[in-house]
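Letters go in sequence order (proteins before strands), and every chain restarts at 1. Hydrogens, waters and symmetry mates are skipped; everything else that's a heavy atom, side chains included, is used.
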2 protein chains.
Amino acid sequence: MTGPQHPRRPATLASLAAELGVSRTTVSNAYNRPDQLSAPLRERVLEAARRLGYPGPDPVARSLRTRRAGAVGLLLTEALSYAFRDPGATGFLEGLALACEKAGTGLLLIPVSPEHSDVDSVYQAGVDGFVVYSVSEDDPHFRAVLQRPVPTVVCDQPTGITGVDRVGVDDRAGTLALGRHLVELGHRRVGVLCMRLSSHRHDGRADVARQEGSSYAVQRERLAGLRAALAEAGVDWADVPVIERFEHSLDAGADGAATLLDSHPGITALVCTSDILALGALREARDRGLRVPEDLSVAGFDGVPEAERVGLTTVRQPFREKGLEAGRLLLERGDRHVPEHVTLPTELIVGATTRELRQSGEFFSGW
Amino acid sequence: MTGPQHPRRPATLASLAAELGVSRTTVSNAYNRPDQLSAPLRERVLEAARRLGYPGPDPVARSLRTRRAGAVGLLLTEALSYAFRDPGATGFLEGLALACEKAGTGLLLIPVSPEHSDVDSVYQAGVDGFVVYSVSEDDPHFRAVLQRPVPTVVCDQPTGITGVDRVGVDDRAGTLALGRHLVELGHRRVGVLCMRLSSHRHDGRADVARQEGSSYAVQRERLAGLRAALAEAGVDWADVPVIERFEHSLDAGADGAATLLDSHPGITALVCTSDILALGALREARDRGLRVPEDLSVAGFDGVPEAERVGLTTVRQPFREKGLEAGRLLLERGDRHVPEHVTLPTELIVGATTRELRQSGEFFSGW
DNA sequence: TTGAAAGCGCTAACAT
DNA sequence: ATGTTAGCGCTTTCAA
């Protein structure tokens, strides 16, 4: 096969029209409204195009004219490349891509380099709308997206943005169910490992004020749900150690669990606000000879495939459906007067990493 | 926080200029060439922009004028959504995204719906170049990409397109090493399970003519490498059963393995041209009570994480690096006179699914 | 430092 | 069924 032989000066619609001695409209119609001209004429136009190597109307010029880009932009929290490693994000992407495919719309991934932190990429994106996936309330790229005069759909967070559609899951209900599960099993001394609570790096203990002031609604909600469940059992949340990790990785999970287990060796259950962190915690527990669930119960959140494989107790959320729904919200809503908020359900998955507390409580009276 | 309050008629650069009583050039310069006007004037412009809700120059209009879209298009074989489930593809995407981030370039995923098989999406894409990931030689979308007057980089296949850069891996060397490994272990009766050889569905035996006529160079190469290794041991390739599966999934792998094991119960080793297929084959072997590697050796190709986890013997290829390299080829080459071809190495990973053939050969004299 | 003029390539009224 | 006329919103010589 032979590749492209692009002439110096690519043919344009106008040059084609001139060549053929017809008007530009006719050429345009040949591509966009085949019914507006006779079949023979159309064939003549297309033939000439082939001969001159005219690849059809320039997409950018057409977009300018029609005010349609035929693409939606996707803004992700982290560096773009991270998204392809995060199982939750890939699930979401799969759903969103599916929706785009159905609509014949392109999906433009907005580059968010950690290096040049300029917000230009958002202003440069030729798109008909944006999907924003789980970013901080104070994310500068997100602020830039809001400036753009195109519809926007937020997934997960931030919440409470007026005039913007949102799709999320019931995080609070998820950890509420998870917390009750642990309470039923007899756990009272619970430790928590959570994801970043602010866009500034902070690794370590997060007190209640920090939790409540987090710029990440998802984490706030998950902590609140757990808190509510423990409150039902009379556990004072202020006594529950919450360790925060900025990074979201197995290593961060292991490291965070180590910190928690060192400072609070008496905990009987460790709740992580993500499966990735929980999987890391599992590794750390194993590394220090703790048996799960005999010596320590561990739970996560998300229901990613890897968690399912190892039988992690977790809260499953429908990533793919979130993506589909976000796409639907952006692409299929003709009437977008009233912002729509969609909250999908979560489901407690009881795995093999949580177990009833054996009655050794008499050995410890407190922390 | 408050969302967007977009006026009916969004402000334009011209309207801003009029409002301020300056020329359009000045407003344009305020954004694009800050050094071309006084700081106070620039501030006045930006302030007015803020006040009027002007989000900065329209990206599409700018692209038309500058002839730069600030994005590269990505064309994938399968439906877009499939790519996020295929571990090889996500690895590649991660690398490519990384390269795009570094360059501040967007990555536009081209929708290739199985439903509307129109090639429009390719012509509609406002991009400065294309990356094509592993498509068939006769893929209509790929043909469309070649029409577009922008640089293109092909990953893996098709090969032999003149005037187009390409990055791939040494597939043939990979299966050659794998084949020799099996030969050394004493295997002579080998069965093969390969991915689709044409863009038309075909499930079943693929004879040599079909193999050699495949429109997928990667499969051709992998089969050729294995063939060469077996030839060294005097095995006639025409006797080696090659089963083809159109779908690329665990189920297809299991199903293909079943077909192969039913028709050729005497094989001692099963080579799959992808890990996904091999993992499916492993499942099938287990389901029918075959022990791997005691009763059957199984090998794959790709080196995806899941394969590593289960200790599959395979050929590892650097997906991420392929993506990075593709991005580099497209984005960092000022001089693109001579098409560049990059071939990355593969590496044989001997796992726990292949083993020396125990000497029970006397029971079988042939197939 | 600022402004005027000339398109980038195309589509969509509105004619004819 | 085909052509004429106006821009879409912007950047970029070039001149002031």
*asked:* Using OP1 and OP2 only, check whether a side-chain N or O of B:Y123 sits under 4.0 Å from C:dC10.
replied: no
Among the nucleotides C:dA5, D:dC10, D:dT2, whichever has the atom closest to the side chain of B:T25 is C:dA5
- Message: Can you tell me if A:S63 touches the phosphate of C:dC10, counting only side-chain N or O atoms and a distance under 4.0 Å to OP1 or OP2?
- Response: no
Between CD of A:Q36 and C1' of D:dT2 the distance, given in whole Å, is 10 Å
Q: Scan B:V60 against the nucleic acid and name what it touches under 4.0 Å (heavy atoms): base, sugar-phosphate only, or nothing.
A: nothing
From the list B:H341, B:R328, B:R333, side-chain hydrogen bond (donor to acceptor under 3.5 Å, both in side chains) partner of B:D165 resolves to B:R333
- Does C:dC10 have OP1 or OP2 sitting under 4.0 Å from an N or O in the side chain of A:Y54? yes
To the nearest angstrom, the CZ-P distance between B:R24 and D:dC8 comes to 10 Å
Taken to the nearest whole Å, CG/A:D58 to P/C:dG7 is 18 Å
A:V112 vs A:L75, side chain to side chain contact (heavy atoms under 4.5 Å, CB included): CA-CA, chis, key distance, verdict | CA-CA 8 Å; A:V112 176; A:L75 179 66; 3.6 Å; yes
To the nearest angstrom, the CG-P distance between B:L64 and C:dT11 comes to 12 Å
When A:T66 and B:A61 are each assigned the nearest nucleotide of DNA chain C, the 5'-most assignment goes to B:A61
Among D:dG9, D:dT2, D:dT11, the one nearest any side-chain atom of A:T26 is D:dT2
Whole-Å distance, B:R33 CZ to D:dC14 P, equals 13 Å
B:R65 CZ to D:dG7 C1', in whole Å, measures 16 Å
Of the candidates C:dG9, C:dT11, D:dT11, the side chain of A:P57 sits closest to C:dT11
Assert: residue with more 5' nearest nucleotide on DNA chain C, out of A:R62 and B:D35, is B:D35
* Asked: Heavy atoms under 4.0 Å, any strand shown: does A:N32 hit a base, just sugar-phosphate, or nothing?
  -> sugar-phosphate
Atom CZ of A:R68 and atom P of D:dG9 are separated, to the nearest Å, by 16 Å
Subject >> Non-hydrogen side-chain atoms of A:V72 and A:L108 separated by less than 4.5 Å >> reply: no
Between CZ of A:R67 and P of C:dC10 the distance, given in whole Å, is 17 Å
Might you confirm whether atom CZ of A:R51 has over 12 heavy atoms from other residues, nucleotides or ligands at distances under 6.0 Å? yes
Residues at least two apart in sequence or cross-chain that pass side chain to side chain donor-acceptor pair (under 3.5 Å) with B:S23, listed by chain then number, are B:T26
